[in-house]
> 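Before I ask anything, here is the structure I am working with.
Please read these numbers as outputs of a predicted model, since none were measured by experiment.
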Amino acid sequence: MSTVPGRFLTIEGIEGVGKSTQVARLSARLNERGIAHVVTREPGGTPLAERIREIVLENARGESLPPTAELLLMFAARAVHLNNLVEPTLRAGRWVVCDRFIDATYAYQGGGRRLNVEHIRQLETMVVGARRPDLTVLLDAPVEQALERARQRNAGTAADRFESERAEFFERVRDTYRARAAAEPGRIAVVDASQSIDRVALQILGLLEARSWIS
């Protein structure tokens, strides 16, 4: 067990901004530098949390999932994920690279679903406590462009609960993400995701180099 905890990095953004691609790119670069790490996602990341993810994302047949239930399920999955994967990995001195975390809840359930932000804060205190990412990279792109990318990526497959939402929903999500980035510039770095995949990947590496976390 390492006496130095690992770094906790999260990648955020609306559908179609390239989060999965950049997580994979970042993981490859960390491997090249010999940095032990785990790649994970929210909701999900462990077998039990992935089962909760299926409930959240599935377009229910004949029965709706109220926004409040969606919010509670997100935090249920997060509690499992933190306890069973994230915290043990960080304590062992390995890094965690996570596709979405708490910022996504404020953006999607708070901004997108218009749920009470104070209720989200209360759940955050209960489930997340003082845990915060060491760095959050917000991949930002105009909604129309991002959704077109998502449509091309998902051609021929059924859209999940969030992918089925209208552009207005994602405008609110994006606005909330950008507001959080403005409020926490030391933690959340905004990267223009409308650039090429290679350029975005280089900028993410540059953020880590600027903090002297990698060389």
Side-chain angles (χ1 to χ4, degrees), residues 7-33 35-47 49-59 74 77-78 81-82 85-86 89 94-109 112 133-165 169-170 173-174 176-178 180-181 188-208 214:
R7 302 287 183 187
F8 185 23
L9 312 180
T10 59
I11 310 292
E12 296 277 1
I14 65 172
E15 315 304 311
V17 293
K19 289 185 294 77
S20 298
T21 298
Q22 293 304 328
V23 166
R25 288 288 188 99
L26 178 56
S27 177
R29 299 293 84 78
L30 294 179
N31 281 331
E32 290 173 359
R33 289 162 171 79
I35 297 175
H37 67 283
V38 169
V39 171
T40 186
R41 66 179 181 177
E42 286 207 349
T46 75
E50 288 289 332
R51 289 168 62 186
I52 301 173
R53 177 189 178 91
E54 292 175 8
I55 297 172
V56 173
L57 296 186
E58 183 184 63
N59 281 315
M74 287 292 190
R78 180 165 295 133
H81 186 223
L82 278 168
L85 178 66
V86 175
T89 300
R94 291 182 292 166
W95 291 24
V96 174
V97 179
C98 191
D99 183 339
R100 293 204 172 113
F101 188 57
I102 188 66
D103 296 295
T105 302
Y106 282 97
Y108 277 79
Q109 283 72 51
D134 295 295
L135 172 65
T136 296
V137 177
L138 173 58
L139 300 180
D140 182 59
V143 168
E144 184 177 351
Q145 179 186 27
L147 294 186
E148 179 56 33
R149 285 181 179 176
R151 280 190 288 269
Q152 294 175 7
R153 178 194 65 198
N154 298 330
T157 62
D160 66 31
R161 183 184 309 280
F162 296 108
E163 292 167 346
S164 301
E165 292 292 342
F169 173 88
F170 290 106
V173 172
R174 185 190 183 205
T176 304
Y177 267 135
R178 289 163 65 92
R180 288 181 67 78
I188 305 176
V190 181
V191 173
D192 180 3
S194 66
Q195 305 173 93
S196 71
I197 291 173
D198 289 342
R199 188 165 181 80
V200 171
L202 284 173
Q203 285 191 266
I204 293 174
L205 285 180
L207 292 169
L208 302 186
I214 63 172

> May I ask you to test the F169-Y108 pair for a side-chain heavy-atom distance under 4.5 Å?
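Of all side-chain heavy-atom pairs linking Y108 with F169, at least one is under 4.5 Å.
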> Which pair of heavy atoms, one from E12 and one from K19, lies closest together, and at what distance?
C-CD, 3.5 Å
> Which distance, rounded to the nearest 0.5 Å, do you find between the CG of L9 and the CG of D99?
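Answer rounded to 0.5 Å: 12.5 Å.
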> For Q203, what residues pass the side-chain hydrogen bond (donor to acceptor under 3.5 Å, both in side chains) criterion, not counting sequence neighbours?
Q195
> Report yes if some heavy atom in the side chain of L135 is under 4.5 Å from a heavy atom in the side chain of R7; otherwise report no.
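A side-chain contact is absent here, since even the closest heavy-atom pair is not under 4.5 Å.
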> Is the closest side-chain heavy-atom distance between I197 and Q22 below 4.5 Å?
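Yes, side chains in contact.
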> Does a donor on one side chain and an acceptor on the other come within less than 3.5 Å for T105 and R78?
yes
> Using a 4.5 Å cut-off on heavy atoms from C-beta on, say whether the side chain of D103 contacts that of T176.
no
> Nearest heavy-atom pair of C98 and H81: which atoms, and what distance?
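For C98 versus H81, the nearest heavy atoms are SG-CE1, 3.8 Å.
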> Identify the heavy atoms of V17 and I14 that sit nearest to each other, and give their distance.
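Heavy atoms only, the tightest pair is CG2-O, 3.1 Å.
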> Within the side chain of R149, is there an N or O that forms a donor-acceptor pair under 3.5 Å with the backbone of Q145?
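No; zero donor-acceptor contacts below 3.5 Å.
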> Are L207 and V191 packed together at the side-chain level, in the sense that at least one heavy-atom pair is separated by less than 4.5 angstrom?
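Answer yes - side chains close enough.
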> Which pair of heavy atoms, one from P43 and one from M74, lies closest together, and at what distance?
CG-SD, 3.8 Å
> Hey, what do you get for CG (L26) to CD1 (I35), rounding to the nearest 0.5 Å?
9.0 Å
> List the atom of V200, the atom of A193, and the distance in Å for their closest heavy-atom pair.
CG2-CA, 4.1 Å
> Report yes if some heavy atom in the side chain of V96 is under 4.5 Å from a heavy atom in the side chain of L85; otherwise report no.
no
> Please examine the side chains of R178 and V190, heavy atoms only from C-beta on, and report whether any two atoms are closer than 4.5 Å.
no
> For R100, is there an ion pair with E15 - N to carboxylate O distance below 4.0 angstrom?
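Counted as a salt bridge, because a side-chain N and a carboxylate O are separated by less than 4.0 Å.
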> Verify the neighbour count for atom CZ of R33: are there more than 12 heavy atoms of other residues, nucleotides or ligands below 6.0 Å?
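Enclosed.
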> Charged N to carboxylate O below 4.0 Å: is that the case for R51 and E54?
no
> If only atom types and distance count, is the side chain of R174 paired as donor or acceptor with the main-chain N or O of A141 below 3.5 Å?
yes
> What are the two closest non-hydrogen atoms of R25 and A201, and how far apart are they?
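What the structure gives for the nearest pair is NH1-CB, 4.0 Å.
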> Within a reach of under 6.0 Å around CG of L202, are more than 12 heavy atoms found that belong to other residues, nucleotides or ligands?
yes
